[in-house]
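One structure is given here, and the rest of the page talks about it.
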Amino acid sequence: MKIVERVAEVRREVAALRANGSSVALVPTMGNLHAGHMDLIAAARRDGHTVVASIFVNPLQFGAGEDLDRYPRTPDEDIEKLTAAGTACLFMPQAKEMYPVPLAEQTAVEVPRLSDLHCGASRPGHFRGVATVVCKLLNIAQPDAAYFGEKDFQQLQVIRRMTKDLCLPVTIFGVATRREEDGLAMSSRNGYLTTEERALAPTFHRALRALSDQVSHSETAFRELESQCAAQLQSAGFHTDYVSICRRSDLQPASRGDVELVILAAVKLGETRLIDNVTVA
């Protein structure tokens, strides 16, 4: 696996792969890789792509008081995993390479409406940072495809809208959430949980699955079901940010009669923010 740090270098590597007839897929990450990230690499390779991965902890998507400085960074272990997974090239830029001007002066990409809901309401500017860095990475690598996890469902929809609206010549693929045996969605931030919090954490996903069953089989209004689930999570020891039954297409609040629904939710357990989603059958 070739490891590069400069924009010009990754472009040369991609050009060389294409010259050899390869279709290129980009897998953007912030590192501290787990099995869910490896699923993205595997999916891209199954689809016939040569994989270029990136590791970059993007400061533009962290708000004031968030965990930018303590976000887990494990570059040596990440390199071993990516090499074993058959990654052809790893782009590991420094912040100055991605943002040569001060962040306050950085040209930014906005995806209105989708970015303002749910996690966007709780983390102002977060999806502005996500859309900007993903747009930059897609322009840098110019891949044929890019792969993202469905755990960050709102992020995935923001990226899909951004690539469509800006006419970027890349196909965006979502890959199913990888979970621990007890149902907890894999996340780099799970490492923040204490032993007691980790034991409680799977309750979050179980509550969302129960809510999904209620959406499918109950006549109770969706907003009432959301409130009940949020209250149950609060009683169990979580601080509930939001629980939302949405249309998958635009993430707007769903009503009876809508189809293709998803439940999005975010909670804090101690100091750790957890997000998850469940598709309603």
Side-chain angles (χ1 to χ4, degrees), residues 1-4 10 13-14 16-18 20-58 61 72 74-75 77-92 127 130-131 133-164 168-181 183-190 205 248-249 251 260 262 264 275-281:
M1 181 177 70
K2 187 69 174 290
I3 301 173
V4 298
V10 74
E13 290 300 315
V14 170
L17 292 171
R18 284 228 171 81
N20 288 329
S22 295
S23 173
V24 175
L26 178 68
V27 177
T29 82
M30 293 207 301
N32 192 231
L33 303 180
H34 51 66
H37 295 106
M38 296 302 102
D39 286 347
L40 305 182
I41 305 288
R45 296 193 69 202
R46 280 196 306 271
D47 290 344
H49 301 293
T50 299
V51 177
V52 174
S54 65
I55 294 177
F56 179 61
V57 181
N58 175 35
Q61 71 190 65
T74 54
E77 293 89 340
D78 294 344
I79 289 168
E80 289 181 6
K81 291 175 181 178
L82 290 171
T83 301
T87 307
C89 178
L90 171 60
F91 180 42
M92 294 183 68
F127 289 116
V130 169
V133 77
V134 171
C135 188
K136 288 174 73 74
L137 288 168
L138 294 177
N139 280 321
I140 289 166
Q142 299 185 352
D144 301 286
Y147 287 73
F148 298 86
E150 292 181 351
K151 180 183 77 72
D152 298 291
F153 192 85
Q154 184 176 8
Q155 171 180 279
L156 178 60
Q157 295 300 78
V158 166
I159 290 167
R160 282 174 167 155
R161 176 67 60 80
M162 182 265 295
T163 56
K164 179 181 178 181
L168 300 181
V170 58
T171 302
I172 303 298
F173 291 95
V175 178
T177 304
R178 173 68 80 99
R179 298 185 180 278
E180 305 287 357
E181 290 186 4
L184 179 65
M186 289 189 179
S187 169
S188 296
R189 289 188 169 97
N190 289 350
H205 182 59
R248 283 182 239 170
S249 59
L251 305 188
E260 295 189 339
V262 63
L264 305 180
I275 62 171
D276 204 346
N277 64 84
V278 173
T279 298
V280 179

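Values below: every heavy atom of this structure, side chains too, minus hydrogens, waters and symmetry copies. When a residue number appears, it is its place in the shown sequence, counting from 1.
- Partners of Arg248 under the side chain to side chain contact (heavy atoms under 4.5 Å, CB included) rule, at least two apart in sequence or in another chain, are Phe153, Glu260, Val262, Thr279.
- Here the rule is side chain to side chain contact (heavy atoms under 4.5 Å, CB included) with Phe56, and of Leu137, Thr29, Val133 only Val133 fits it.
- Closest approach of Ile159 to Phe148, counting heavy atoms only: CD1-CE2, 3.5 Å.
- Below 30°, between 30° and 60°, or above 60°: for Phe173 and Tyr147 the angle between ring planes is below 30°, a parallel geometry.
- From Asn32, atom CG reaches atom CZ of Arg189 across 10.5 Å, with rounding to the nearest 0.5 Å.
- If you take CG on Asp78 and OG1 on Thr83, they are separated by 10.5 Å, rounding to the nearest 0.5 Å.
- Note that OG1 of Thr74 is 10.0 Å distant from CD of Glu80, once rounded to the nearest 0.5 Å.
- Counting all heavy atoms, side chain and backbone alike, Leu168 lies closest to Cys135 at CD1-SG, 4.4 Å.
- Each of Val24, Thr50, Val170 was checked for a side chain to side chain contact (heavy atoms under 4.5 Å, CB included) with Asp144, and the lone residue meeting it is Val24.
- In Lys81, the NZ atom is crowded: over 12 heavy atoms of neighbouring residues, nucleotides or ligands sit closer than 6.0 Å.
- No side-chain donor from either of His34 and Arg178 sits under 3.5 Å from a side-chain acceptor of the other.
- Under the side-chain hydrogen bond (donor to acceptor under 3.5 Å, both in side chains) criterion, Thr171 pairs with no residue at all, not counting sequence neighbours.
- Under the salt bridge (Lys or Arg N to Asp or Glu O under 4.0 Å) criterion, Arg45 pairs with no residue, sequence neighbours left out.
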